[in-house]
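Reviewing the structure listed below.
Any value given below was found using the heavy atoms of this structure, including those in side chains, with hydrogens, waters and symmetry copies removed. In the text below, chain A, chain B and the rest are named by the order of the sequence lines, each starting its count at 1.
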Amino acid sequence: MSLIIKSENSLGAVIFLSGLVTAVFAFSSLQSSTSNDMLFPAVLALLLTLVSLQVVIKKNSESYDKTSRNSLRVLLIACVSAFYIYLAEAMGYYPATAVSLPLLAVILGYKKIFPVVFVTVLWLASAYLLFEKLLQISLG
Amino acid sequence: METILLELLQGFQVIFTPAGFGFLMLGVIAGIAFGATPGISPSTGVALLVPFSYSMPPAVAFVFFVAAYQAANYGGSITAISINAPGTPAAIVTAIDGYELTKQGKPGLALGTAVIASALGGFIGALILILLARPLAGLGLLFGPAEYFSLTLFALTTVIGFSTKNRLKTCTAILLGLLLATIGTDPFSGNLRFTLGLSGLYDGVPLIPAMIGLFALAEIFSQIESNLELKKISTFSGKLPGVNTLLKLKWAILRSSVLGTLIGIIPGAGATIASFISYGEARRFSKKKELFGRGSLEGITSSEAANSSSVGGALVPLLSLGIPGSATDAVLLGAFSLHGLTAGPELFKSSPEIVYGIFSALLAANLLILVFGLAGNALWLKLISIPQGLLYPLVIVLCITGSYTVNGTFFDSGLCLAFGVFGWLLKRNGYPLAPLVMALVLGSMLEMNLRRVLLMGGIKLLFVKPISAVLLTVALLAVALPLIRKKPYLTP
């Protein structure tokens, strides 16, 4: 049987490799340790390796549109979200949100300025009232 | 009977406070809005609400969650009927006949039937929950580590049995969830496992940020990728079903509600399976089979009553044994730990006001769903027509904010984002997320009980104890039977 890793199985291959590395790490830790705290993860990782290997080599009838322009948009949204978290940590929640929320809307193709500004201000005011005043949770 | 009424009275004391009633109403409104929005499932909606409950009294917080959970199951029918875009997976079945009626110019009839069937179904589900939860919790007190291990394994294997697509990928998702659950400090030895030196992982993967990421963010990313645009909403005709029409549907409502509750009790089955099976049974019993798929009110009734009643059913194993019956119950299990509580038989002794508050909230929420549903259909339709270019950024900001508020650290927000991207990748490759979340929540329970069994008397204890042996046999059958049948229980 020829083992062909199709492009749609690439995530399966990543899971397989992760399972394999975890299993090797867990079993080697198990041998060097006096406690058996790595036994359960080791067994799980071994099972994951075997099951994901089957996923990888199984003929896959499902087809996925992998390289759509929207996938890149999702990745861009994820990057902006990560930048938003960094900004919130660095300069505070409110300025970071004031910058990131309109930016996310623009990336998603929304171009009307007034509704974006209105929603951003409304969200910031609601977040302040709800978290800081009502629930006593500081957003930093 | 007298005890049950006294317990309910205790529960209603939680609801009839300004905070209790306020959050009950808010939960119903938020739940309907979440359910009506395609892409926000009940589990996503409840996960988004959990961070808001941090400083609430636990009893009020669970009134809030349960009201939203129940209402979200109904909310899915609004867009399913109006624009053929089911707000929740369970509402796919409702769309079959509901949208047909809309095309025939009778959306009011379909929406009215859906809300009445939902409310009655939810009410019957809640009554069955009230009757079954306590006796089952009594049984749960007899459970030791062997029984809990087998029960947890049974819950996870039924998810595999009920998976509709690729069972191997469901298995992979479960194993990934179980492996992620091993991250953190080992409770027996105190050693750190897979924490990569990150102090935020010392107590394990924070459940709420992980669930917000896996359910809400991953769903939003998938929606952005598929670029779904909502259709124009049809003109709303206010004509509701008459009393005679509803009386003709009474047996369909009762049958579907009982069936929905029973299916809901089985861990991993959930509202979607309840709707599909109930719809099939309704068609089998119907005298007007030819109307199914062409605008049958029995079809709408069976789907809606079943998916709403499954909420009460799914709460039975959660409250009695600490085993989530559905993905939303897995989120609730995480919420219990956030509030320093443990779901299961002990909850009836340690915090009865929470259990009875949940019972009463379910009953009251169904009444409010009926009121809001009948009065506000036109409003809900307007609400869901918010442009996605505005809605999705708001949900992303809400996810990041919500995950921050759990522990007051942006590490959790980053983790939520990481889980969101991970969940999106899994989803687009056909891996189901609900089994992963259930495994993540149940993982530590499975491991701890297994290790206790090993310490107490070895693996043979699992087969010597009668309840454990029965559960293990059923768990084995749950995996083996679908393989023998060669096809899943339902084909969507």
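Within 6.0 Å of CG on B:Asn191 lie more than 12 heavy atoms contributed by other residues, nucleotides or ligands. Annotation: A:Ile113, atom CD1; neighbour count of heavy atoms from other residues, nucleotides and ligands within 6.0 Å does not exceed 12. Around atom OH of A:Tyr94, more than 12 heavy atoms belonging to other residues, nucleotides or ligands sit under 6.0 Å away.
Heavy-atom pairs under 4.5 Å with chain B peak, among A:Tyr93, A:Phe25, A:Tyr86, at A:Tyr93. Chosen from A:Val51, A:Val116, A:Thr97, A:Leu39, the residue pairing most often with chain B at heavy-atom distances under 4.5 Å is A:Val51. Ranked by heavy-atom pairs shorter than 4.5 Å toward chain A, the options B:Ile174, B:Thr182, B:Thr409 are led by B:Thr182. Chosen from A:Thr120, A:Leu139, A:Ile77, the residue pairing most often with chain B at heavy-atom distances under 4.5 Å is A:Leu139. Considering only heavy-atom pairs separated by less than 4.5 Å from chain B, the leading option among A:Lys112, A:Lys111, A:Met38 is A:Met38. With chain B as partner, the option from A:Ala88, A:Gly109, A:Gly19 having the largest number of non-hydrogen pairs under 4.5 angstrom is A:Ala88.
One distance of note links CZ of A:Phe118 with CG of B:Leu390; it measures 10.5 Å at 0.5 Å rounding. A distance of 9.5 Å separates CG in A:Leu47 from CG in B:Leu178, rounded to the nearest 0.5 Å. To the nearest 0.5 angstrom, B:Tyr404 atom OH is 12.5 Å from A:Ile85 atom CD1. Here B:Leu398 contributes atom CG and A:Trp123 contributes atom CH2; the two are 4.5 Å apart, rounded to the nearest 0.5 Å. Considering OG of A:Ser10 and CG of B:Asn429, their distance stands at 6.0 Å, rounded to 0.5 Å. Taken to the nearest 0.5 Å, the CD1 atom of A:Ile15 stands 6.0 Å off from the OG1 atom of B:Thr172.
Using a 4.5 Å cut-off between heavy atoms, A:Ser29 does not touch chain B at all. Contact of B:Ser413 with chain A is made through backbone and side chain together, with heavy-atom distances under 4.5 Å. Looking at A:Pro115, the atoms closer than 4.5 Å to chain B (heavy atoms on both sides) sit in the backbone and in the side chain alike. Residue contact with chain A, scored on non-hydrogen atoms closer than 4.5 Å, is absent for B:Ile183. Heavy atoms of B:Ile400 lying under 4.5 Å from chain A belong exclusively to its side chain. For B:Leu168, the parts lying near chain A are the backbone and the side chain together; criterion is any non-hydrogen pair under 4.5 Å.
Nearest heavy-atom pair, A:Ser81 versus B:Leu417, reported as atom, atom and distance to 0.1 Å: CB-CD1, 3.6 Å. Of all non-hydrogen atoms in A:Leu108 and B:Pro393, the two that sit nearest each other are CD1-CD, 3.5 Å.
Using modelled atom types, one side-chain atom of B:Arg193 and one backbone atom of A:Asp37 make a donor-acceptor pair closer than 3.5 Å.
The closest side-chain heavy-atom distance from B:Leu425 to A:Val14 is not below 4.5 Å. The shortest distance between side-chain heavy atoms of B:Leu450 and A:Phe40 falls below 4.5 Å. A:Ser100 places none of its side-chain heavy atoms less than 4.5 Å from the side chain of B:Val397. Counting only heavy atoms from C-beta outward, the side chains of B:Thr401 and A:Phe131 approach each other to under 4.5 Å. Using a 4.5 Å heavy-atom threshold, the side chains of B:Cys171 and A:Gln54 count as separate.
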B:Ile396 and A:Leu101: CA distance, side-chain angles, deciding distance, side chain to side chain contact (heavy atoms under 4.5 Å, CB included) verdict: CA-CA 9 Å; B:Ile396 292 170; A:Leu101 211 155; over 6 Å; no
Test side chain to side chain contact (heavy atoms under 4.5 Å, CB included) on A:Ser71 and B:Arg428; report intermediate values, then the result. CA-CA 10 Å; A:Ser71 320; B:Arg428 75 198 293 269; 3.3 Å; yes
